[in-house]
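This structure is a prediction, so every number in the text was calculated from the model and none was measured.
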Amino acid sequence: MDNSLINNVKDTVTHSRQIEQLHAGVDTQDGAGVKLTRVLTQQLQQRLDPYLMLDNFKSDNPDDYIAGFPNHPHRGFETITYMITGRMRHRDSAGNEGLLQNGGVQWMTAASGVIHSELPEQEDGAMEGFQLWLNLPAKDKMNDPWYKDFQSEDLPKYTTEDGVDVTVIAGTSHGVEGAVTRDITEPTYLDIHLPAGMSYAEKTVEINLVN
C-alpha cells in the first residue's frame, strides 16, 4: 500500500465490553468435604475454554476446610491457586512440596499427569482463596509436569495515580511483568483493589485508520 494513503489517524476505544450474561456461583464440596463456591461450572467449559473451572473457598470455620484435598490425580491442564488467607501444604508424585500461605500463589502444570494433595496447616482461623484451572492445548497435554510456589513478596505490585492497587500474578500490566510467564497458556492474572468510586483500565487500544 502507498504510504501516502495512510493518514495515521488514531481513535481510542472508550467503551467497555458489554455483559453477555450473569452467572451465579454454586455452593458445593470437593476434596474430603471442603466447602466452596464453584464459579465456573462444567456447563460453561466449552464456552470459556481454556478456562475450565474457578473455585472460591472462604470460611473461618475449620469444619469447612480442615480435611483438605487428599491425594487426587490431575492431567492435561494447569491449576493456579491464589491463597488470600491461610496455610495449605502441597505434595505431589513428582517430588514437589511447598507451603502456600497468605498472599501466595501455587502454579502447577499437570500436563502428562501428577497425583497431589493440598492439606491445611492450620486448625482454626480464616482460610480464603481461589483456584483456577487452565486447559492445555492438545499438543502440550503430555509435556512433563511443572510446579512452582510464589510467596506474596515474590509477586510484583504497583499503585495507579487513582490509588488502585494491582498485584501482577501472571502476564504484564501497565509495563509491570508478573511473577509468572507461561509461553503455552499465556495468561494474564491480576488482583485489583479499587477504592470506592474509582475505575481501572487495563490498557488503551489505539486503532490506526487507513483511507
Side-chain angles (χ1 to χ4, degrees), residues 7-25 36-40 44 47-60 77-88 90 98-109 125-135 146-210:
N7 291 334
N8 291 323
V9 179
K10 294 182 178 179
D11 273 0
T12 299
V13 176
T14 57
H15 62 277
S16 300
R17 296 180 179 179
Q18 299 301 305
I19 297 174
E20 181 177 311
Q21 71 177 69
L22 297 176
H23 178 77
L36 50 83
T37 300
R38 184 145 293 161
V39 182
L40 300 183
L44 295 172
R47 176 69 173 82
L48 298 179
D49 186 80
Y51 303 101
L52 296 178
M53 191 187 77
L54 177 64
D55 284 347
N56 171 226
F57 49 93
K58 180 180 181 180
S59 178
D60 58 6
F77 56 90
E78 296 187 308
T79 66
I80 302 98
T81 306
Y82 185 23
M83 182 66 76
I84 306 298
T85 302
R87 294 162 57 90
M88 191 89 75
H90 167 98
L99 180 61
L100 184 60
Q101 51 191 333
N102 299 348
V105 171
Q106 175 202 94
W107 201 289
M108 184 179 76
T109 302
M127 179 172 285
E128 178 183 3
F130 294 89
Q131 186 170 96
L132 174 67
W133 290 11
L134 283 179
N135 198 14
W146 180 85
Y147 166 90
K148 190 168 183 180
D149 281 332
F150 301 87
Q151 302 306 327
S152 178
E153 57 270 22
D154 300 326
L155 304 177
K157 303 173 177 65
Y158 68 88
T159 301
T160 70
E161 294 180 355
D162 294 328
V164 178
D165 295 322
V166 182
T167 300
V168 190
I169 297 171
T172 302
S173 175
H174 290 248
V176 178
E177 185 173 340
V180 183
T181 300
R182 302 295 290 153
D183 295 334
I184 295 173
T185 47
E186 299 183 312
T188 297
Y189 194 163
L190 310 176
D191 181 3
I192 303 172
H193 291 256
L194 291 88
M198 292 294 99
S199 62
Y200 171 85
E202 172 50 27
K203 65 179 180 179
T204 298
V205 179
E206 292 186 340
I207 301 175
N208 292 322
L209 301 180
V210 180

Does any N or O in the side chain of H23 come within less than 3.5 Å of the main-chain N or O of V39, such that one atom is a donor and the other an acceptor? yes
Of all residues at least two apart in sequence or in a different chain, which pass the side chain to side chain donor-acceptor pair (under 3.5 Å) check with T37? D27
Contact between R47 and Q21 at the side-chain level, heavy atoms closer than 4.5 Å - yes or no? no
Can you name the nearest heavy-atom pair linking P156 to E177, along with the distance? CG-O, 3.2 Å
dist W107:CH2 -> Y189:OH (nearest 0.5 Å) comes out at 8.0 Å
How long is the straight-line distance from CD of Q131 back to CZ of R38, given to the nearest 0.5 Å? 9.0 Å
When rounded to the nearest 0.5 Å, the distance separating CG of L132 from CG of L54 is 5.5 Å
Donor + acceptor pair across side chains of T109, E78 (<3.5 Å): yes
For Y158 and S173, work out which heavy atoms get closest and say how close. OH-OG, 2.6 Å
Nearest heavy-atom approach of L155 to A179 is CD2-CB, 3.7 Å
Find the distance between CD1 (I169) and OG1 (T188) and round it off to the nearest 0.5 Å. 11.0 Å
Only counting residues at least two apart or in another chain, list the ones meeting side chain to side chain donor-acceptor pair (under 3.5 Å) with S199. none
Might you confirm whether atom NZ of K157 has over 12 heavy atoms from other residues, nucleotides or ligands at distances under 6.0 Å? yes
Considering residues at least two apart in sequence or located in another chain, which fulfil the side chain to side chain contact (heavy atoms under 4.5 Å, CB included) criterion with I192? V164, V166, L190, L194, Y200
Sub-4.5 Å side-chain heavy-atom contact between M108 and H90: yes
Residues that D149 engages under salt bridge (charged side-chain N to carboxylate O under 4.0 Å, His left out), provided they are two or more places apart: none
Atom of G163, atom of P195 and distance for their closest heavy-atom approach: O-CG, 3.3 Å
Flag, side chain of Q151 to backbone of L99, donor-acceptor distance under 3.5 Å: yes
Kindly write out the residues that satisfy side chain to side chain contact (heavy atoms under 4.5 Å, CB included) with N102, not counting sequence neighbours, or none if the list is empty. T85
Identify, with sequence neighbours excluded, every residue that meets side chain to side chain contact (heavy atoms under 4.5 Å, CB included) alongside D191. Y82, T167, H193
Distance check, rounded to the nearest 0.5 Å: N56 atom CG versus E128 atom CD? 6.0 Å
Would you check if M83 and M127 make a side-chain contact, meaning some heavy-atom pair closer than 4.5 Å? yes
How long is the straight-line distance from CZ of F150 back to CD1 of I80, given to the nearest 0.5 Å? 11.0 Å
Flag the pair Y51 / L134 as yes when at least one side-chain heavy-atom distance between them is below 4.5 Å, and no otherwise. yes
